[in-house]
Each structure stands twice: as structure tokens, then as C-alpha cells.
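Working notes, structure below.
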Amino acid sequence: MSVSESETEVSARLEFEQAQRSEGWKLLRGLLRDQRRNLVIGGLIGMSWAAFKVAIPQVTKLAINDGIEKNGPLLKWALIIAGLGVLTGILSGFRRYVAFRESRWAETLLRERLFGHVLDLNIGYHDKAQTGQLMSRASSDLMQIQGFIVMIPITMSNVIQIFAVAAILFITDPVLALVAMAPLPFVNLSARRFSSRIHKITLAVQAEQAQLANVVEESVSGVRVVKGFGAEQVQFDKLEKEADDIYAESMKAAKIRSNFMPAIDILPALGAVGVLGVGGHRVLSGQISIGDLVAFNVYLTLLVWPLRNVGMIIALGQRAASALVRIHEVLSTKSEITDPPMARDLPSPNGKQLGAVKFDHVQFGYDADRPVLKNFNLEIAAGESIAIVGATASGKSTVARLLLRFYDTNNGHVYLDGVDVRKLKLRELRQQIGVVFEDTVLFNDSVKSNISFARPNASQADLEKAAKLAGAHDFILQLPNSYDTVIGERGFSLSGGQRQRIAIARAIISDPRVLVLDDATSAVDPSKEGEIRDAMRTVMSGRTTIVIAHRPGTIALASRVVFIDELTVAAIGKHEDLVATNARYREVLASMQNTAPDFLEELVK
Amino acid sequence: MWQAGGVSDEDRLSRAQARTILGRVFKMAAPFRRTMYVAFGCVMVTTATTLSAPVIVRHGIDAGIRARDTGALNLSVVMYLVVVSLTYVFGRMLFVFVNRTGESFLRLLRLAVFRQMQRQSMAFFDRNKAGVLVARMTADIESMSELVQWGLLQFLSAVLMLVFSIVVLLFLSWQLTIIALIVMPVLVFSSIKFQRDSNRAYLTVRERVGANLSALQEGITTVRVIQAYAQEDEVKSKFKVSNRSLFAAHEKSVRVSTWYFALVEFSGVLASALMIGIGGWFAHRGTVTLGTVVAFVLLLSSLFDPVQQLSQLYNTVQSAGAALNKLFAILDAKPEVDEHHSPVDLPRTGELKVSNISFTYAGAENQALDDVSIRVGVGEKLALVGPTGAGKSTLAKLMARLYDPQTGTVEFGGVNLTMASMTSLRERIAVVPQEGFLFNGTIRDNLRIARANATDAEIEAAIDAIGATEHFAQFSDGLDTQVRERGSRLSAGERQLVALARAALVDPAVLVLDEATSNLDPGTEAEVEHALERLMLGRTVIVVAHRLSTVQRADHIAVVVDAKIAEFGSHEELLARNGHYAELARAWVQSHSVN
Ligand SMILES: Nc1ncnc2c1ncn2[C@@H]1O[C@H](COP(=O)(O)OP(=O)(O)O)[C@@H](O)[C@H]1O
Ligand SMILES: Nc1ncnc2c1ncn2[C@@H]1O[C@H](COP(=O)(O)OP(=O)(O)O)[C@@H](O)[C@H]1O
Ligand SMILES: [Mg+2]
Ligand SMILES: [Mg+2]
């Protein structure tokens with residue numbers, strides 16, 4: 001918010017926030033529509049519970065007046081009260097059950113919706129979105145909403161309880177009722193103030209805790225640096241500062257609590273003092289009975305919790321509203337890459353070799369002002385294999401991403417088998433392209449599920465065939481549970497080269513028309529690369545293949561080399577020819593290989 | 001919340017453990033014992049005042065109203081008011097003092113655990129995953145903050161309330177007290193059973209929340225692969241399964257609590273029913289007065305509430321105990337590589353001499369180094385090469401005393417490294433992981449990691465020494481540029497430059513480098529190479545080499561194979577020998593040649 005914000009700007013912003021809020025509430029209403037019946041039932045149960053709860057002191061009063069003072073039937077009264085106890089017990093249990101069940105259900109459904117929506121959003125969205133942000137939408141924001149929904153049936157019964165108690169008190173003795181209830185509105189008022197203030201300070205404490213966590217995290221992850229330079233004290237000083245901040249914020253929170261908690265306890269007690277004083281004199285003057293007086297005291301205690309809760313639900317509602325707005329923001333974001341309205345089909349094989357790729361005058365940049373590819377033309381015949389070579393950040397991977405239609409070009413077209421990729425159903429397009437990304441991403445799952453990711457129903461034979469082609473079968477058999485070994489962060493850890501080979505198997509299992517290998521063997525130990533290279537030759541035969549590589553041995557697998565430089569195709573030709581004729585090509589290759597050329601010559605001799 | 005924490009069975013403490021932990025906590029809390037005593041005094045006062053209220057009401061009814069004594073009634077009212085005010089005043093104090101005690105304790109714990117963590121040697125960090133250590137310092141300590149903020153207070157006042165209530169009730173009428181306590185066993189028994197069940201249900205919930213969050217996170221972070229293979233629908237339906245099973249766990253845990261809360265509510269009312277029935281009968285017989293029965297009806301809640309509160313605290317206390325147990329384990333861990341009790345400073349320069357060292361990582365089956373000896377003279381450069389896992393990095397780490405060998409010695413200038421003072425050791429021998437690890441802060445802050453008290457001029461000199469002054473001058477904030485988490489603002493090459501500048505700032509006699517394997521773009525690559533060359537000038541260098549250009553520059557090459565030094569000599573000598581080195585080089589060259 002800038003200081004110079006004019007009045008019209010302020011009102012525009014407020015209007016916008018208002019609109020956002022109402023969208024948020026609309027989302028909640030839509031969510032709860034299907035659960036309306038159960039929520040109403042929960043509300044009714046809560047109301048009946050409140051009614052009985054309120055009746056108990058009334059009956060107790062009668063019991064004292066009639067049963068004890070007037071020597072009436074004690075057993076009858078005791079049984080009535082016990083019976084009411086059974087009823088309130090059952091009802092309160094159910095109220096809780098319904099409230100929690102329904103709120104969890106709403107949360108569950110909303111989480112599924114959110115996850116599904118996020119998965120469908122285009123990659124450009126994900127480039128900008130932070131995982132942490134999306135995670136907190138799906139966890140803490142949903143928790144806020146669940147916390148609010150839980151309170152709905154409880155609030156309904158609380159409101160009923162407040163009104164019922166107030167009514168009884170006023171019927172019994174209006175004057176005494178006023179005395180008893182006078183301090184109570186303050187309970188609600190301060191509960192509301194407390195909720196919002198404590199919420200703010202809680203966030204501050206959490207922020208400080210996060211900062212401390214960062215210091216610990218970097219000290220532990222960077223322990224080699226810390227130990228290497230003896231920087232323990234430097235890190236300790238940072239940590240001490242964060243620990244002091246946490247202490248300071250926590251004590252602020254304690255102050256706020258100390259202002260509220262004891263106050264909320266004595267406000268009803270003040271009412272009780274009034275009841276004893278004023279009520280005592282009214283008993284003496286015969287206006288009410290002793291039983292009435294006792295009942296008054298009991299009713300007062302019945303009011304404390306409901307009033308506190310009403311104050312809190314207002315604060316909870318505010319928090320839930322902001323959470324709803326944030327979730328709505330995600331849900332209302334539309335994917336920029338979607339299926340076309342009238343999709344075309346890819347030509348079917350009919351015995352022909354398929355997989356022709358064409359980039360036609362493509363212009364593209366991730367940001368409008370910084371082009372990555374300009375006037376980019378490339379034609380790859382069906383079944384042909386080409387290598388893409390270029391310096392770091394020259395746009396090699398971008399070519400693969402455009403083919404997958406992760407992004408749309410700014411100008412020009414990309415064709416697969418003569419069909420503009422924008423005219424194809426995304427699923428159909430992407431099923432025909434198998435990519436091995438430069439940073440190998442595997443799932444925390446079995447080797448089997450990882451390889452068969454693109455074809456979940458693949459047979460064991462298919463699985464092994466793909467693994468063999470990728471040169472992965474042998475080491476998979478060495479794993480503790482062979483194909484059923486769980487890999488990844490929480491499972492068995494594989495070497496970089498092994499991971500890449502599994503990713504290659506994953507790419508070829510569904511027999512795609514086009515295979516893209518983005519630096520796919522970079523982490524494979526040089527001594528092992530020879531092995532997979534033979535395998536790769538088999539994979540590549542009879543399939544359009546785009547290999548992004550910098551090792552000459554890998555480049556040699558392709559029939560042509562496409563050299564990208566200065567945003568476009570700078571040269572196309574055989575590796576040997578480019579080495580011989582293109583100085584820039586030699587320079588780029590040399591730097592990618594981290595090698596001293598004279599040393600190479602010496603060895604090759 | 002009633003489900004504050006969950007304690008898995010293996011985390012549950014034995015009684016003896018619990019006692020030791022409690023003892024240590026009190027010892028640690030010694031510096032703020034006064035605050036604790038004040039807090040305790042406040043609890044006594046507020047409990048007493050809270051409980052005296054019904055007694056005063058009874059007095060007002062019996063002595064004032066029933067005896068038609070206006071004076072007595074008014075006196076009761078005034079006393080009531082005084083008691084309420086006292087409750088308020090001491091209640092506020094209580095909050096502040098309890099929190100001050102608790103938060104001071106947590107602060108102390110944070111500092112102590114972190115300090116002890118930092119004293120540990122590398123082996124400790126191998127054993128404990130980063131995530132676990134971070135969890136100790138965060139989640140485990142924070143799990144106690146609930147206890148500190150209100151749990152402790154509630155625990156104290158609930159116990160006192162229970163004890164005082166029973167005393168007051170006994171004082172009023174022992175007959176009615178027995179009646180009031182009839183339901184108690186049922187309540188206690190069901191509370192304990194409920195805690196058991198809900199703890200189990202809660203652990204399932206926690207586990208599934210974890211799995212659900214992992215599934216979410218995995219889905220979001222792998223979205224590129226999912227979309228590339230058009231598997232959105234499959235991943236969604238998998239997520240749905242995990243999500244629904246989380247719901248089922250939530251539902252189960254609510255069901256567990258449903259009957260418990262019903263029972264609690266019922267037993268409270270049942271106690272009043274008994275009081276009316278039996279107490280009324282006593283009143284008829286004149287055993288007790290009507291006022292006493294009324295007081296009992298009112299006092300029942302001060303008997304039942306504490307029991308409920310205590311049972312709800314059970315889990316909070318349990319999980320705090322489990323957390324403390326883990327934290328104390330860190331405080332008790334002895335660092336394996338520690339400073340000698342009478343350390344000597346290392347000489348300014350000297351030969352680095354490794355004599356017959358063997359080393360096995362804790363828990364590993366095979367030796368990582370097997371009887372290795374090597375000497376590096378002043379200003380000489382030694383390159384370590386060999387297949388992955390041969391022991392190159394291990395040898396380099398031992399030469400900088402990040403670990404101690406099980407047998408054999410590492411000496412610098414004739415002094416055994418185990419005798420050297422840590423300060424002089426870190427000043428003479430600097431380990432530079434080249435994949436520059438950067439900390440949140442400015443570039444300047446990141447250099448000061450190496451020497452906290454370095455002046456700005458010294459920092460600039462260090463940057464200049466590696467020839468990177470011009471490079472960082474391009475940044476609009478220069479050396480004050482915030483590098484963000486892990487240095488994400490800088491490129492990989494720039495991070496390496498900062499790492500090298502750190503070493504230049506220390507100006508060590510020996511540099512231990514584990515060469516980066518990452519690819520840099522041609523421009524930065526040249527700059528890093530250049531910086532490295534300048535840094536190595538005139539120093540003894542041990543480098544785990546991944547680039548042949550580096551190997552070539554070395555005076556000596558040690559080929560490490562299977563935990564032993566298989567070959568040692570210069571580049572030319574080794575090529576001529578046509579052994580491991582020549583073979584390695586050939587394999588490497590082949591992958592870079594056509595076919
Ligand atoms: N998701 C993205 N958002 C913005 N810029 C990007 C993104 N991915 C790549 N770039 C930029 O586009 C250029 C080309 O990147 P890329 O195709 O990955 O290069 P290469 O694969 O040749 O190393 C680089 O300047 C890079 O920084
Ligand atoms: N922190 C560690 N804990 C246990 N084993 C380790 C650790 N670091 C390395 N090792 C093992 O010790 C052996 C030597 O490793 P290392 O010195 O890193 O080899 P190199 O640097 O030659 O690749 C390997 O078998 C490796 O798995
Ligand atoms: Mg790339
Ligand atoms: Mg290593």
C-alpha cells in the first residue's frame with residue numbers, strides 16, 4: 001500500500017477485495033451445498049443438545065425446591081436428571097461427530113479439486129508458482145477452512161443456548177438477569193479482539209521460527225563449509241539472534257494471553273457477585289426462592305463457553321475467508337495450454353514410418369522482452385535421429401519443451417506428422433513423444449512403477465524389454481527387491497547414471513514416435529557409457545530421435561548435428577564436418593567437455 | 001486441542017527415563033528458578049481463590065439468606081468481590097511468569113542443542129540426515145511450546161484444583177464427598193482408555209497426513225514429467241486414494257472421541273443426579289444442611305474439570321517427554337574429532353605427511369582407506385584420481401582432519417593434527433568444496449563465514465586476489481548483493497567464485513579442494529579456472545580431480561583404487577607406466593571421441 005494512494009484507488013481496491021471475498025464465500029457455499037442435509041442434521045442435534053443442557057439446571061432447581069426443601073420424591077428427581085444426562089451425553093457426542101466428519105469431508109473434496117486443477121495448469125504457471133505457496137494452499141489454508149466449518153453446528157447450538165439461557169433468566173427475574181448478564185457482552189467483545197491479535201502474533205512467532213529453521217538448515221547442509229572454515233561461532237551468533245527473536249515474540253504473545261485469559265474468567269464471576277448481592281436481598285425480601293438463586297449461578301457458568309466461542313468464530317471466519325480467497329485465486333486460474341475445441345487426429349501408421357517433426361519460423365521467449373529462439377527452422381524426417389548441440393542456455397531444452405507444447409510459440413508453428421501441435425489433443429500429442437529431461441525426476445515409488453509410468457498396465461515382459469534397451473535391466477536385478485525396489489528420497493538411492501537409465505526406460509516403454517534425450521547420459525560414468533550407447537542405437541533405430549548432448553561419442557549416434565547459436569540454427573551437418581569447418585562449434589564443444597585439448601591429443605596418439 | 005501430540009510406542013518413556021529427564025530439566029532451569037517459584041506461588045493463590053468462591057456463596061446462603069442476616073450477606077458479597085479481584089491479579093501474573101519460565105527454558109535449549117550439534121564432527125553429520133537435525137531444532141522444541149504456553153499452567157492448576165477441591169469438599173462434608181467421587185473411577189478409567197485409543201488413531205492420522213502431503217508435493221514438483229507423459233488423470237486418481245484414506249483416518253479418530261465426550265458429559269450430570277438423590281436424603285435426615293448440598297452441586301465441576309484437563313494433557317506431556325529425550329541424546333553426544341586438552345598451534349608452513357592411515361566409516365563394512373601413506377612438500381600440488389568410491393574424497397578429508405584415522409597419523413610440519421588447536425588447524429588447512437555452498441545474506445557475509453572479523457578491505461582484497469573484482473562490480477549492489485537462500489540469486493559459476501574467495505580470505509598454507517563436476521558455460525568456466533589458478537599459487541594443494549586439465553597441472557598424481565594408492569607419480573611417468581592411470585585416461589578419452 002503506497003502512501004500516495006488516492007481515494008479512488010483506495011475505494012477501487014476495497015471494492016476488489018470485497019469482490020474477492022464474495023467469490024471466496026461463494027466457493028464455500030458451493031462446497032457445502034452437497035452436505036447441506038448432514039449439516040442441518042448436525043445443527044438440529046446441537047440445538048436439541050443445547051435445549052437439554054439448559055433444562056438441567058432448571059430441573060436441578062426444581063429438585064432442590066421440591067425434593068429437598070419440601071421433602072418431595074428424591075428418587076424421581078434424581079432419575080430425571082440422570083436421564084437428561086444420558087440425552088445430553090449422546091447428543092453432544094453426535095454433534096461433535098457430525099461437525100468433524102462434515103468439515104473433514106469438505107476439506108477432502110476441496111483438496112482433490114485443488115490438486116487436480118494445479119496438475120492441469122500450464123507449465124508457464126508452474127515456472128512462476130512456488131511449491132511452498134501451493135503446498136500451503138493445500139494444507140494450512142484448507143485447515144483454516146476446516147476449522148471454520150467444524151464450528152458451524154457448534155455455533156448454531158451455542159447461539160440457541162445463549163438465547164435460551166437469557167430467556168430463562170429474564171423469565172425468572174428480569175432485574176437479577178440484567179445484573180447477572182451485564183458483564184457478559186464484554187466476554188464476546190474481548191474474545192474477538194483477542195482472537196485477531198493472537199492470530200497476528202502467532203504468525204510473527206511462526207515467521208521467527210522459520211528463520212531459525214533456515215539457520216539450522218543451512219548450517220547442517222553447509223556443514224562442510226562451516227567445518228572447513230571453523231565458522232561455528234558465526235552460525236551460532238545467527239542462531240542466537242533468531243532464538244532471541246522467538247523469545248521476544250513469544251513473550252508478546254504471552255502478554256496478550258495474560259490480558260485476556262484471566263479477564264475472561266472473572267467477567268462471569270463479577271456477574272455471580274452481583275447475583276449473590278442483589279439476589280440475596282431479593283430472596284430476603286421474598287421476591288425469588290433460594291433455588292432460583294442457585295440456578296442463576298449455574299446458568300451463568302453455562303453462558304461462558306458459548307459466548308467465548310461466538311467471539312472466536314468471528315475471528316475464525318475472517319481467517320477462513322482469506323484462505324478461501326487464496327484458494328479461489330488458484331482455482332480460477334485458467335490453463336493457457338488446453339485442448340483445442342475441434343481437435344485433429346494424428347495420421348495413423350498404416351505401415352508407414354511416422355514421427356516427422358517440423359519447426360517453422362518459430363519465435364519464442366519465456367519473457368516477452370527476451371527471445372530465446374528466433375526464426376528457428378528445423379525439419380526432421382520420420383525415423384531420423386539428430387543431435388542438438390549448443391552452449392549452456394542457448395535454447396536446446398526449449399526446443400524439446402515447444403515440441404511437447406509445454407509452451408506455445410510466440411510466432412511460427414511446430415508440427416508433428418504434418419499436424420500443428422496446437423490442433424492436437426494434448427494427451428494424444430504427448431503420448432507420441434517420449435522425453436528424458438536433463439534433470440532426472442523420478443518418483444518415490446518402485447522401479448517398476450517408475451518405468452511403467454506412461455503405461456501403467458505394461459506387462460513384466462514389456463517392462464524388462466524397455467529396461468534392457470536402456471541398459472538398466474542388469475543393475476535393477478542387483479537391487480534388494482529388483483523391480484519392486486522403492487527408489488527415491490525415502491527409498492533406495494541410485495547413482496545419477498542409474499537414475500538416468502531408468503528415465504530412459506520410462507521414455508521408451510510406450511514406444512513413442514519421437515524420442516527426446518536431453519543430456520540423458522551426462523551423469524553416466526564414462527566407462528559405462530559405451531554399454532548404453534549400443535543399447536541406444538537399437539532404441540533409436542526406426543524412431544525419430546532428438547539427442548541433446550555434448551560428448552562426441554553420443555553426438556555421433558545421430559545422423560545430423562543441429563548447432564544452435566545466437567537464438568537460431570547456426571549450422572546443420574555431420575559432426576566431423578562441423579568440427580572441421582566451424583570454429584564456434586569447436587569452442588562450444590571444448591568448453592562443455594572441460595578438457596585440455598593437448599592432453600587429448602597426447603593420449604590418442 | 002485435545003490431540004496435542006502423538007507418541008509412538010517406541011517413543012514412550014519408561015518411568016526411570018521420565019524421572020531423569022525431569023531432573024535434568026530442573027537443573028537446566030536453575031538460572032530462572034526465582035521466576036518459577038513466583039509462578040508457583042501465583043498458582044497457589046489463584047487456585048485457592050477460585051475454590052473459595054463457592055464456599056463464600058454457601059456462607060452467604062446459609063449464614064446470610066437463610067439466617068436472614070443482612071450483615072453476613074453483605075460481608076459475603078464483599079469477600080466474593082475481593083476473591084474475584086485477587087484471582088484476576090494473580091492470574092495475570094501467573095501467565096507472565098509461567099511463560100517467562102517456559103520460553104527462557106526453550107531458548108536455552110535451542111542454544112545448547114545447536115552449540116552441541118556444531119561441536120560434532122563430520123561423522124555425526126553422516127549419521128544424522130539434515131532433515132532430522134533440523135526437526136530436532138524446530139519441531140521437537142516447538143512441540144514443547146504448547147506445554148510451555150498453557151499446558152504447564154493448566155497442569156499445575158488442575159492438580160492443585162483437584163487436591164484443593166477434595167480438601168474443601170471433605171471439610172464441608174465427608175459423606176457428600178464420597179458421593180461426589182463415586183463416578184470418578186469410571187471417568188479416570190475411560191479417560192485413560194480414550195487417551196490410548198486416540199493416541200493410536202492420531203498416529204495413523206499423522207502418518208497419513210504426511211503421506212498425503214508428500215503425494216501433493218511430489219505431484220506439484222514433478223508436474224513436468226506428469227504432463228509430458230499425459231498421466232494427469234492417473235496421478236489424480238492415485239492422489240484421491242491417499243486423500244480418501246486420510247479422510248478415513250480422520251473419521252476414525254473422531255469416532256474414538258465421540259463416545260468419550262458423550263461419557264464425560266453424562267458422568268458430570270450423573271454426579272449431580274446422585275448429589276440430589278443421596279445428598280437430598282442426607283439433608284432430609286439432617287446429616288447435612290441444604291446449603292452444603294447446593295455448594296456440592298456447584299463444586300462438582302471443579303472436581304470434574306481438572307480430571308478432564310489432566311487426561312487431555314497426557315499426550316502433550318508424553319510427546320514433550322519424547323522430544324526432550326531425543327534432544328538430550330544430542331546434548332550427550334561426544335564429538336569424535338575434538339580438540340586436544342593441551343593443543344599446540346601448527347607451524348606457518350610445513351610438509352603434509354600421511355603415515356599408514358586406515359579408515360572405515362562408522363557402520364560401513366569396507367575400509368575406505370587401507371594403510372595409506374603419502375607426503376606433500378611445501379607448495380606442491382597433489383591430484384587424487386581414481387574411480388568413483390575409491391576413497392579420494394575420504395583421503396582429502398582426513399588430510400584436513402574432518403575425520404581422524406583409526407590407525408596411522410596425519411602430520412603438518414611435524415605436528416600430529418590430533419594435537420593441533422582447532423583455530424590454527426582451520427587457518428592453515430582450508431577445505432574448499434567447490435560446488436559453492438552459500439548462506440542466506442550478502443556476498444560479504446558469505447566471505448565472513450571464513451573469517452568472522454575480516455575488515456571490508458580484507459574482503460575486497462580476497463576478491464581481488466582471485467581476480468573477481470570486476471565480475472562482482474557488475475552487480476548494482478556490488479558485494480552487498482543479497483544472494484538469497486543457497487545463493488539462488490547467483491549462477492553456479494558465481495557461487496564457485498565466492499567459495500574460492502573465501503579460501504583466499506583465510507590465506508591458508510594448504511588448500512584441500514574437491515573439484516566441482518558441474519558444467520559451466522564457457523565464459524564463467526574460464527573465470528573460475530583463472531581464479532583457481534591464482535588461489536593455488538604458492539600453496540600446498542590437495543585436489544580431488546575430475547578434470548584432466550587439473551590433473552595435468554599437478555606435481556604429483558595419486559591414483560586411488562580400492563582404498564589404496566595404486567600408483568603415484570607425475571602425469572608423464574604414469575602414462576608411461578601404462579597401468580591404472582593410463583587405462584582411466586583412455587576410458588575417459590573414449591567417451592569424448594567418435595565411437
Ligand atoms: N522456465 C523458464 N523461464 C524463464 N526462462 C527460462 C526458462 N527456462 C529456460 N529459460 C531461459 O531460456 C534460455 C534457454 O534455456 P534452455 O533451453 O534451458 O537452454 P539449454 O537447454 O540450451 O541449456 C536460457 O537463457 C534460460 O535461462
Ligand atoms: N560419509 C560416509 N559414510 C559412510 N560411507 C562413506 C561415506 N562417504 C564415503 N563413503 C564410502 O567410502 C568409500 C570411499 O568414498 P569416497 O572417498 O567418497 O570415494 P571417492 O571420492 O573416490 O569417490 C565409498 O565406498 C563410499 O561409499
Ligand atoms: Mg538444457
Ligand atoms: Mg568423492
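In what follows, chains carry the letters A, B, and so on, assigned in the order in which the sequence lines appear, proteins first and then strands, with residues in each chain numbered from 1.
One finds the CD atom of B:Gln217 at 4.5 Å from the CE atom of A:Met135 (value rounded to the nearest 0.5 Å). Residue B:Thr87 holds its OG1 atom at 8.0 Å from CD1 of A:Ile266, rounded to the nearest 0.5 Å. Once rounded to the nearest 0.5 Å, the distance linking CZ of B:Phe439 with CD of A:Glu217 reads 10.0 Å. Residue B:Asn243 holds its CG atom at 8.5 Å from CG of A:Leu109, rounded to the nearest 0.5 Å. Atom CZ in B:Arg244 sits 7.0 Å away from atom OG1 in A:Thr108 (nearest 0.5 Å). Summarising the geometry, atom CG belonging to B:Leu216 is positioned 9.0 Å from atom CG belonging to A:Leu119; distances are rounded to the nearest 0.5 Å.
If you measure heavy-atom distances from B:Val506 to chain A, the contacts under 4.5 Å come from the side chain alone. Of the atoms belonging to A:Ile56, it is side-chain heavy atoms, and not backbone ones, that fall under 4.5 Å from chain B. Residue A:Glu242 does not touch chain B at all, counting heavy-atom pairs closer than 4.5 Å. Contacts between B:Leu94 and chain A at a heavy-atom distance below 4.5 Å are absent for every atom of the residue. Both the backbone and the side chain of B:Ser104 come within contact range of chain A, each with at least one heavy atom under 4.5 Å from a heavy atom of that chain. For A:Val234, the part lying near chain B is the side chain, with the backbone staying farther off; criterion is any non-hydrogen pair under 4.5 Å. Using a 4.5 Å cut-off between heavy atoms, B:Asn74 touches chain A through its side chain atoms alone. Interface remark: A:Ala129 contributes no atoms to any contact with chain B (heavy atom separation under 4.5 Å). Interface remark: B:Ile449 contributes backbone and side-chain atoms alike to the contact with chain A (heavy atom separation under 4.5 Å). Only the side chain of B:Val293 comes within less than 4.5 Å of a heavy atom in chain A; its backbone stays farther off. Interface residue A:Phe437: only side-chain heavy atoms are found under 4.5 Å from chain B. Heavy atoms closer than 4.5 Å to chain B are found in both the backbone and the side chain of A:Ala263. If you measure heavy-atom distances from B:Ala400 to chain A, you find no contacts under 4.5 Å at all. At a 4.5 Å heavy-atom cutoff, A:Asp237 makes no contact with chain B through either its backbone or its side chain. Looking at A:Leu75, neither its backbone nor its side chain comes within 4.5 Å of chain B, counting heavy atoms on both sides. Using a 4.5 Å cut-off between heavy atoms, A:Ala507 touches chain B through backbone and side chain atoms alike. Proximity to chain A (any heavy atom under 4.5 Å) is restricted, for B:Leu290, to the side chain, taken from C-beta onward.
The residue among A:Ile90, A:Asp244, A:Val226 with the most heavy atom pairs within less than 4.5 Å of chain B is A:Asp244. Your options are B:Phe247, B:Phe90, B:Phe266, and the one with the most heavy-atom pairs under 4.5 Å with chain A is B:Phe247. Each of A:Leu87, A:Leu91, A:Val283, A:Thr88 has some count of heavy-atom pairs under 4.5 Å with chain B, and the biggest count is that of A:Thr88. Heavy-atom pairs under 4.5 Å with chain A peak, among B:Leu111, B:Thr138, B:Val84, at B:Leu111. Chain B forms more heavy-atom pairs under 4.5 Å with one residue of A:Arg455, A:Glu428, A:Gln235, A:Gln233 than with any other, namely A:Gln235. When each of A:Ile81, A:Val273, A:Val215, A:Leu404 is scored by its heavy-atom pairs under 4.5 Å with chain B, the top score falls to A:Val273. For the options B:Glu142, B:Lys236, B:Arg110, B:Arg224, heavy-atom pairs under 4.5 Å to chain A are most numerous at B:Arg224. When the candidates A:Ala272, A:Gly434, A:Ser510 are compared by the number of heavy-atom contacts under 4.5 Å with chain B, A:Ala272 comes out ahead. Options B:Arg426, B:Glu232, B:His284, B:Arg502 differ in how many heavy-atom pairs under 4.5 Å they form with chain A, and the most are formed by B:His284. Most heavy-atom pairs under 4.5 Å with chain A, from the set B:Asn212, B:Val264, B:Leu274: that is B:Asn212. Heavy-atom pairs under 4.5 Å with chain A peak, among B:Leu270, B:Leu213, B:Leu402, B:Thr221, at B:Leu213. Per-residue heavy-atom pair counts under 4.5 Å with chain B were compared for A:Val118, A:Asp120, A:Leu134, A:Leu426, and the maximum is reached by A:Asp120.
Residues A:Arg427 and B:Glu234 are paired through a salt bridge, judged by an N-O separation under 4.0 Å between the basic side chain and the carboxylate. By the 4.0 Å N-to-carboxylate-O rule, A:Glu232 lies too far from B:Arg115 to be salt-bridged with it. The residues A:Lys53 and B:Glu265 are annotated as salt-bridged, a charged nitrogen and a carboxylate oxygen being separated by less than 4.0 angstrom.
Within the 3.5 Å criterion, the main-chain N or O of A:Leu121 finds a donor-acceptor partner in the side chain of B:Gln227. Between the A:Tyr97 side chain and the B:Ser257 main chain, no donor and acceptor come within less than 3.5 Å of each other. Counting only distance, with no hydrogens or angles, the side chain of B:Arg92 and the backbone of A:Asn259 share no donor-acceptor pair below 3.5 Å.
The salt bridge (Lys or Arg N to Asp or Glu O under 4.0 Å) test applied to A:Lys238 returns A:Glu218, not counting sequence neighbours.
A:Phe236 and B:Phe114 have parallel rings, their planes meeting at less than 30° on a 0 to 90° scale where 60° marks the start of perpendicular.
Within 6.0 Å of the CZ atom in A:Phe94, the count of heavy atoms belonging to other residues, nucleotides or ligands does not exceed 12. Counting non-hydrogen atoms of other residues, nucleotides and ligands closer than 6.0 Å to CZ of B:Phe125 gives a total above 12.
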